[in-house]
Amino acid sequence: MDTFRPSRRMVVLGLAGLLGAGGTLLWLQRLHTQTVQRKVSSPFPYTSGDHSTYRGHQGGLLTGSWSPDGKHIASAGLDKTVQVWDASTGAHVQTYRGHTKTILSVAWSPDGTRIASAGADQTVQVWRVDGVVKGNSPASIRGNILSYGGHAGWVLAVAWSPDGTRIVSVGEDQTAQVWDAFTGVLLYTYRGHSEVVNTVAWSPDGTHIASAGDDKTVQVWNATTGKLAFTYFGHPKLVNVVAWSPDSTRIASGSADKTVQVWNATTGDNTFIYHGHSLWVFAVAWSPGGTRIASGSVDKTVQVWDAISGGDVFTYRHHSFDVNAVAWSPDGTRIASVSGDGTVQVWDAPTFFLLS
């Protein structure tokens with residue numbers, strides 16, 4: 001069983017029913033959960049009890065991102081659409097239809113006017129968020145302002161530079177590619193990984209990029225030159241997600257080894273290892289103040305914990321399938337969790353642990 005490789009790509013294939021019979025059965029056996037609901041109707045109110053639920057998609061969800069102003073959320077997954085909706089009311093704003101296969105990653109530009117989405121169709125699409133910026137009525141949009149096709153395989157993750165001028169994308173072809181966000185011109189290709197690259201994150205100060213993947217390493221490299229600065233070898237299994245602390249000094253990495261490891265981004269010194277999850281970790285996000293971390297897992301929970309000590313703070317248990325992405329609102333008061341159960345759930349970060 002040690003040869004089983006629980007990557008994001010494996011989960012996508014399992015959700016979509018694209019694995020062979022043996023692979024699908026093995027994947028479902030490892031999840032210990034029900035079959036995902038592929039078509040979700042919406043007879044329910046957006047807000048119910050202690051959380052709100054967006055059900056606009058048809059199929060499992062893999063990615064979500066909060067707009068920089070905190071008013072909207074973009075989500076995507078198996079139904080090949082990027083949907084933008086009001087984070088407070090759940091009202092649909094726009095649907096973007098340009099990908100021909102599953103969408104694996106979405107990210108807002110720092111100024112909130114564009115969205116980049118990465119997919120299994122080997123492209124990154126950049127969309128203008130007209131419905132949000134100009135107040136247009138809800139609509140379905142097929143056009144985009146840029147389509148990047150530099151990868152030879154699934155594009156698994158995408159991230160913007162803090163100034164919004166560049167985009168980095170990573171994927172199945174084992175590369176990280178940095179390109180101009182306005183023209184789509186490739187600036188350089190980073191080739192430090194020996195296997196599939198699952199995740200990428202740009203440091204908030206703009207100086208470095210962290211990428212990680214099936215080769216079990218997290219690699220930190222110069223965002224301008226592509227020169228490797230440091231390699232972290234702390235995980236014994238593949239790495240699914242990385243996230244920088246707001247001050248760019250630490251990195252949190254989530255892995256198939258069921259842990260989140262927090263470490264110094266310059267020296268690699270390990271601060272602590274969080275062992276709260278019982279299955280693979282697919283999502284990690286720092287609170288805006290850098291004091292807390294939220295992590296999501298195939299164990300169907302989101303766990304919020306102290307970023308200094310690793311102490312447990314709160315566990316959210318409303319999802320019925322794997323949690324593939326988590327995001328804090330820019331003001332740190334709410335968390336959005338994205339799941340293979342076809343929902344995005346928005347809930348209040350418990351006030352007793354919020355720090356200024």
Side-chain angles (χ1 to χ4, degrees), residues 63-69 72 74 76 80 82 84 94 96-101 103-134 141-193 196-213 218-229 242-244 248 265:
T63 180
S65 180
W66 218 298
S67 64
D69 64 6
H72 297 89
K80 309 171 192 174
V82 178
V84 176
Q94 296 281 12
Y96 300 89
R97 304 179 186 273
H99 287 281
T100 59
K101 294 183 179 180
I103 300 171
L104 299 130
S105 178
V106 294
W108 288 80
S109 63
D111 64 2
T113 63
R114 292 168 291 164
I115 292 173
S117 55
D121 59 7
Q122 304 184 22
T123 71
V124 178
Q125 309 280 340
V126 180
W127 316 88
R128 193 185 312 279
V129 193
D130 291 329
V132 174
V133 176
K134 298 180 180 179
I141 294 179
R142 294 184 181 276
N144 54 45
I145 57 176
L146 180 63
S147 179
Y148 179 77
H151 288 276
W154 290 23
V155 188
L156 295 170
V158 63
W160 292 80
S161 63
D163 64 4
T165 64
R166 292 169 292 167
I167 291 174
V168 58
S169 50
V170 300
E172 202 175 21
D173 61 8
Q174 305 178 16
T175 70
Q177 300 182 21
V178 178
W179 40 281
D180 188 286
F182 297 99
T183 66
V185 173
L186 177 66
L187 301 176
Y188 67 87
T189 299
Y190 178 77
R191 303 182 185 275
H193 290 279
V196 172
V197 187
N198 295 317
T199 180
V200 69
W202 211 301
S203 65
D205 66 9
T207 61
H208 289 85
I209 294 171
S211 55
V218 183
Q219 301 184 22
V220 180
W221 34 285
N222 186 288
T224 301
T225 66
K227 182 179 179 181
L228 178 66
V242 294
W244 290 83
S248 299

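- Judged purely by atom type and a 3.5 angstrom limit, Arg166 uses its side chain to pair as donor or acceptor with the backbone of Ala223.
- With hydrogens and angles disregarded, no donor-acceptor distance shorter than 3.5 Å links the side chain of Asp180 to the backbone of Val185.
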Q: Might you work through the side-chain contact (heavy atoms from CB on, under 4.5 Å) test for Lys101 and Thr123, ending with a clear yes or no?
A: CA-CA 10 Å; Lys101 294 183 179 180; Thr123 71; over 6 Å; no
Q.
Test side-chain hydrogen bond (donor to acceptor under 3.5 Å, both in side chains) on Gln125 and Ser147; report intermediate values, then the result.
A. CA-CA 5 Å; Gln125 309 280 340; Ser147 179; 3.3 Å; yes
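- Of all heavy-atom pairs between Tyr188 and Thr224, the closest is CE2-O, 3.5 Å.
- Taking all atoms of both residues into account, the shortest heavy-atom contact from Ala181 to Arg114 is O-NH1, 3.6 Å.
- The two atoms that bring Val197 and Ala212 nearest to each other are CG1-O, 3.4 Å, heavy atoms only.
- Listed here is the closest heavy atom pair of Asp121 and Thr100: OD2-N, 3.1 Å.
- Every ring pair (Phe, Tyr, Trp, His ring centres under 6.0 Å) that Trp221 has, sequence neighbours left out, goes to Tyr190.
- Proximity of Trp127 to Val106: side-chain heavy atoms (C-beta onward) are nowhere separated by under 4.5 Å.
- Using a 4.5 Å heavy-atom cutoff, the side chains of Tyr96 and Val84 are in contact.
- Counting only distance, with no hydrogens or angles, the side chain of Ser105 and the backbone of Val158 share a donor-acceptor pair below 3.5 Å.
- Taking CD of Gln94 as the reference point, atom CD1 of Ile115 lies at 9.5 Å (rounded to 0.5 Å).
- Rounding to the nearest 0.5 Å places CH2 of Trp66 at 12.0 Å from CH2 of Trp108.
- Atom OG1 of Thr183 sits about 10.5 Å away from atom OH of Tyr148, to the nearest 0.5 Å.
- In this structure, OG1 in Thr189 is found 13.0 Å from CD in Gln174, a value given to the nearest 0.5 Å.
- Closest approach of Leu104 to Trp154, counting heavy atoms only: CD1-CE3, 4.0 Å.
- Taken to the nearest 0.5 Å, the OG1 atom of Thr63 stands 11.5 Å off from the CG atom of Leu156.
- Looking at Thr199, its side chain does come within 3.5 Å of a backbone N or O of Val242 through a donor-acceptor pair.
- Between His99 and Ala118, the closest heavy-atom pair is CE1-C, 4.1 Å.
- With contacts defined as side-chain heavy-atom distances shorter than 4.5 Å, the pair Ser248/Pro204 qualifies.
- To the nearest 0.5 Å, atoms CZ (Arg191) and CD (Gln177) are separated by 7.5 Å.
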Q: Could you please spell out the steps behind the side-chain contact (heavy atoms from CB on, under 4.5 Å) verdict for Trp160 and Asp111?
A: CA-CA 11 Å; Trp160 292 80; Asp111 64 2; over 6 Å; no
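- Contact of the Val220 side chain with the Trp244 side chain is registered, since non-hydrogen atoms from C-beta on lie closer than 4.5 Å.
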